[in-house]
Amino acid sequence: MSTLTDLRRSMVAEARRRQRLTWLISAVVLVALPWIFSSSFSISIMTQIGIAIIFALSYNMLLGQGGMLSFGHAAYFGLGGFLAMHAMNYIADGAIPLPVPLLPLIGGVIGLFFGFIIGTFSTRRAGTVFAMISLGVAELIAALSLIFVGFFGGEEGVSSNRTKGPDFFGFNFGPDIQVYYVAAFWALIAAIAMFLFSRTPAGRMANAVRDNAERAEFIGYSQRNVRMISFCLSGFFAGLAGGMFAIAYEIVTEETLNMNQSGAVLLMAYIGGVGYFIGPIIGAIIMTLLRTVLSNFTELWMLYVGLLFIATVMFVPSGLTGLLMMHGPAWKRRSLKRLLAPYAAISIPSLAVIMGVGGLLELTHFAHTTSMDDRVMTLFSIPMNIDSLLPWAGLIALFIGGVLGVRRLRPMLLDAWADANGAGGGD
Amino acid sequence: METAIRLNRLHKSFGPTPIITDVNLDIVKGERHAIIGPNGAGKSTLFHLISGRYEPTSGDIELNGESIGGLPPYEIYRKGLSRSFQVTNIFARMSVYENIRCAVLWVKGYKYSFWNRVDNMEDVNERTEEILERINLADRAFVPAGLLAYAEQRALEIGIAIAGGNQVIILDEPTAGMSHSETEQVVELIRSVSEGKTLVMVEHDMGVVFNLADRISVLVYGRIIATDTPENIRANPAVQEAYLGVEADHE
Ligand SMILES: Nc1ncnc2c1ncn2[C@@H]1O[C@H](COP(=O)(O)OP(=O)(O)OP(=O)(O)O)[C@@H](O)[C@H]1O
Ligand SMILES: [Mg+2]
C-alpha cells in the first residue's frame with residue numbers, strides 16, 4: 001500500500017473523529033444554552049439564530065460550494081414558510097394529524113419543489129445569467145405574494161397557532177423554550193446533512209463546476225445537472241428554515257420572501273465567509289445578534305451592517321472565518337501570543353475610528369429627526385448638544401486621531417504578524 | 001482493423017472562415033497517432049470537435065462506430081473518450097487530490113450520487129492515489145491545484161485526462177512549455193498510460209512525435225495533407241515543403 005494511501009486513511013480517520021466530536025459538542029452546547037442565557041429575549045434570539053443558520057447554510061450551498069450567486073434565495077424560505085403556515089392551520093383544524101415539530105419538513109418539500117421548477121431553467125449557466133434569473137424570479141414571487149391575497153394574506157400575512165397540534169410527547173410548543181429546542185434540533189440536523197452532502201460525489205462536483213464548469217463536462221458531468229442537484233437541495237433547506245420560522249413566529253408575511261430577506265442571507269454568508277463550511281454559521285450568529293441587539297440601541301443598525309459588509313468585501317473577502325483561519329499557522333507555531341499586545345494596542349485607535357464614525361452618523365441622524373426643543377443626544381453616556389460645535393469637533397477629532405493611530409501602529413502589527421508566522425527566520 | 005475514431009468529411013467554420021476543411025481520418029484502435037502542423041492549422045479545433053466542445057459545421061465523427069458529432073462533452077466522455085487541453089484547464093481552488101478524484105468518479109459509476117460519501121469509496125480513492133503516483137504528484141496531493149508550478153499543472157492536466165481510464169485518449173500538446181527532462185518524463189508517462197489504448201496527440205516536439213507515434217497526420221490550413229508512418233512522413237516531399245522541412249533536417 002502506498003504511503004499516500006496510508007496518509008489519506010489517517011487524514012480521513014482524524015477528520016472523522018474531529019467531526020464527530022464537533023457535532024457532539026454542538027449538540028451539548030445547543031442543549032445547554034438556554035440554561036446559560038435563560039431570559040425570554042435571549043431564547044428568542046437563539047431561536048432566530050437557529051433559523052438563520054439553516055437559511056445561510058442553504059444559501060452557501062449555492063454561493064460558496066456551487067459558485068451560484070443568488071439574489072433571490074428568500075423566495076424558497078418564504079414559500080416554505082407560507083405553506084408550513086397553511087399546514088399549521090390545517091393541523092389546528094384537525095385536518096392533518098402532523099406533529100408541529102415536523103412542519104419544517106413541509107416547508108422543505110415546498111422549497112425543493114420550487115427549486116426544481118426554477119432550477120430547470122436557471123441552472124443552465126452560472127454567473128450573471130443565473131444571478132439575474134434569481135433576482136427576477138424572486139421579484140416575481142414577491143410581487144405575486146401581494147397580489148394573491150387569498151394565499152399570502154396580503155399585508156397582514158398568514159398566521160396560525162402552533163399549540164393546537166396533535167400530542168407530541170406532552171409538549172404543546174406554547175413556551176418559547178420548547179420552540180427553541182425544535183429550532184436547535186433542526187439546525188443541527190440540517191447542518192450535518194448539508195455537511196455530509198458536501199462530501200458526496202454531487203457535492204464534490206459542485207465545487208468542481210464552481211471552479212471550472214467547462215472542464216467538469218470533460219470528466220463526465222453535465223454542469224447543469226450538477227448545479228440542479230445543489231439548487232434543489234438548497235431550496236429544500238431554505239424551505240425547511242422557512243417552516244421553522246413559521247413555527248417560531250406563528251405568522252408569515254411578505255417580508256419573509258422579499259428582497260431584504262434575500263439580501264440579508266447573502267450578507268450573512270458573505271460576512272461569515274463563503275469559502276468555509278462554518279462561515280455562514282458564524283455569519284448567521286453575528287448578523288442575528290447585530291439585528292436584534294444593535295437595533296435596540298440604534299435605528300441606524302442596517303447602515304452599520306452595510307458598512308461591515310463593505311469592509312468585509314474590501315479588506316477580508318474570505319470573511320470573518322477567513323480572518324480566523326489566517327491565524328492557523330501562528331496557532332500551530334504557538335506564537336499567537338506574540339500578536340496579543342499588538343492587537344490590543346491597535347484596537348484602541350480602531351475603536352476610536354468606529355466611535356468617531358458611529359457618533360457622527362448618530363448625531364447627524366438625530367439632528368435630522370429631532371424637534372426644535374430636543375437638541376441634546378446622549379451618546380457613549382455623554383450628553384451632546386447638536387447645536388454646539390463641540391460634539392461634532394470632538395467626534396471628528398476622535399475619528400482623525402483614530403485613523404492616525406491605526407496608521408502609526410500598522411507597521412508594528414505587520415512586523416509582529418511576520419514574526420508570529422516565522423517570516424525572515426527559522427523556527 | 002477496427003477504428004476508434006472516424007472523421008468523415010468534417011468541416012468547421014467560424015462565421016465565414018473555414019478552419020477545418022473536409023477532414024477524413026481513421027484512427028485505428030490501439031494505435032498512437034500524432035497530429036502535427038503549423039500554428040493555427042486547426043489542430044486544437046479538431047480536438048474540440050472530437051471531444052464535443054464545438055459542433056461540426058458539417059460532416060460526421062464516429063467513436064467506436066457510433067456517431068458523436070454535436071454531442072455534449074460529457075456524453076462523449078461517457079462513451080469512452082477523454083482529453084487534455086493545450087492551455088491548462090484544472091480545478092484551481094480544489095486540491096490536487098480532489099482534481100483527480102473528481103475525474104475518477106463518473107467512470108467508477110457514482111454519477112450524481114448525493115448519498116454516498118467519497119471518503120468511503122475505497123475504489124475511487126485507490127485509483128486516485130495510483131494516478132497521483134503515476135503523474136508524480138503524490139507528495140503534492142493536498143496542495144490547491146492553482147498553487148502548483150507550471151510543469152506540475154501540466155502533469156495534473158494529463159492526470160485528469162487519464163484518471164477515468166477511458167479507452168480513447170486525446171492529448172493537446174501535453175509537453176507544451178516543458179523543459180527537456182520534464183518532456184522525457186511526460187513521454188514515458190504517456191507511453192505507459194496509453195498501453196493497450198488508443199491515443200491521439202497534438203505535438204510540436206518532433207522528437208516526441210517520432211518517438212511515440214505509430215502514425216502521423218499532418219494538418220495544414222485545416223486540411224490533412226498526409227497520414228502515414230513516421231518514416232514515410234519524414235520522406236514525404238509535400239510534408240517537407242509544407243511544414244516539416246527544417247525540423248526533419250535536424251533529426
Ligand atoms: N472560437 C473561435 N472563433 C474564431 N476563430 C477561432 C476559434 N477557435 C480557433 N479559431 C481560429 O482557428 C484557427 C485554428 O486554431 P487552432 O487553435 O485550432 O490552431 P492550432 O493548430 O491548435 O494552433 P497552435 O499550434 O497554435 O495551438 C486559428 O486561426 C484561430 O484563430
Ligand atoms: Mg492548438
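As a basis for the values below, the full set of heavy atoms in this structure was taken, side chains included, without hydrogen atoms, waters or symmetry mates. Bear in mind that the values here come from a model prediction, so they are computed numbers and not experimental data. The sequence lines fix the lettering, A, B, ..., with proteins before strands; numbering per chain opens at 1.
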With a 3.5 Å cut-off and no angle check, do the side chains of B/N89 and A/E214 form a donor-acceptor pair?
yes
Quick one: which of B/S51, B/A141, B/A138 has the most heavy-atom pairs under 4.5 Å with chain A, could you say?
B/S51
Heavy-atom pair count under 4.5 Å with chain A, highest-scoring of B/F142, B/W106, B/F85
B/W106
Side-chain heavy-atom pair [X], [Y] within 4.5 angstrom cut-off:
X	Y	value
B/I160	A/I219	yes
B/E157	A/R215	yes
A/V12	B/D119	yes
A/M205	B/C102	yes
A/T5	B/N125	no
B/R93	A/R210	yes

Side chain from CB out, backbone as N, CA, C, O: work out which of these in [X] comes under 4.5 Å of a heavy atom of chain A, or both, or neither.
X	answer
B/Y74	both
B/R101	side chain
B/A145	neither

Hey, do the aromatic rings of A/Y221 and B/Y112 have their centres closer than 6.0 Å?
yes
Where does A/I229 contact chain B at under 4.5 Å (heavy atoms): side chain, backbone, both or neither?
side chain
Report the distance from atom [atom1] of [X] to atom [atom2] of [Y], rounding to the nearest 0.5 Å.
X	Y	atom1	atom2	result
A/R16	B/R117	CZ	CZ	4.0 Å
B/F114	A/C232	CZ	SG	8.5 Å
B/E129	A/L7	CD	CG	8.5 Å

I would like to know whether B/E122 and A/R8 meet salt bridge (charged side-chain N to carboxylate O under 4.0 Å, His left out); could you show each step before the answer?
CA-CA 11 Å; B/E122 208 52 25; A/R8 183 255 310 165; 3.2 Å; yes
So for atom CZ, which belongs to A/F116, do other residues, nucleotides or ligands contribute more than 12 heavy atoms lying within a distance under 6.0 Å?
no
May I ask you to check whether over 12 heavy atoms, not counting those of B/E2, lie within 6.0 Å of atom CD?
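Result for CD/B/E2: open.
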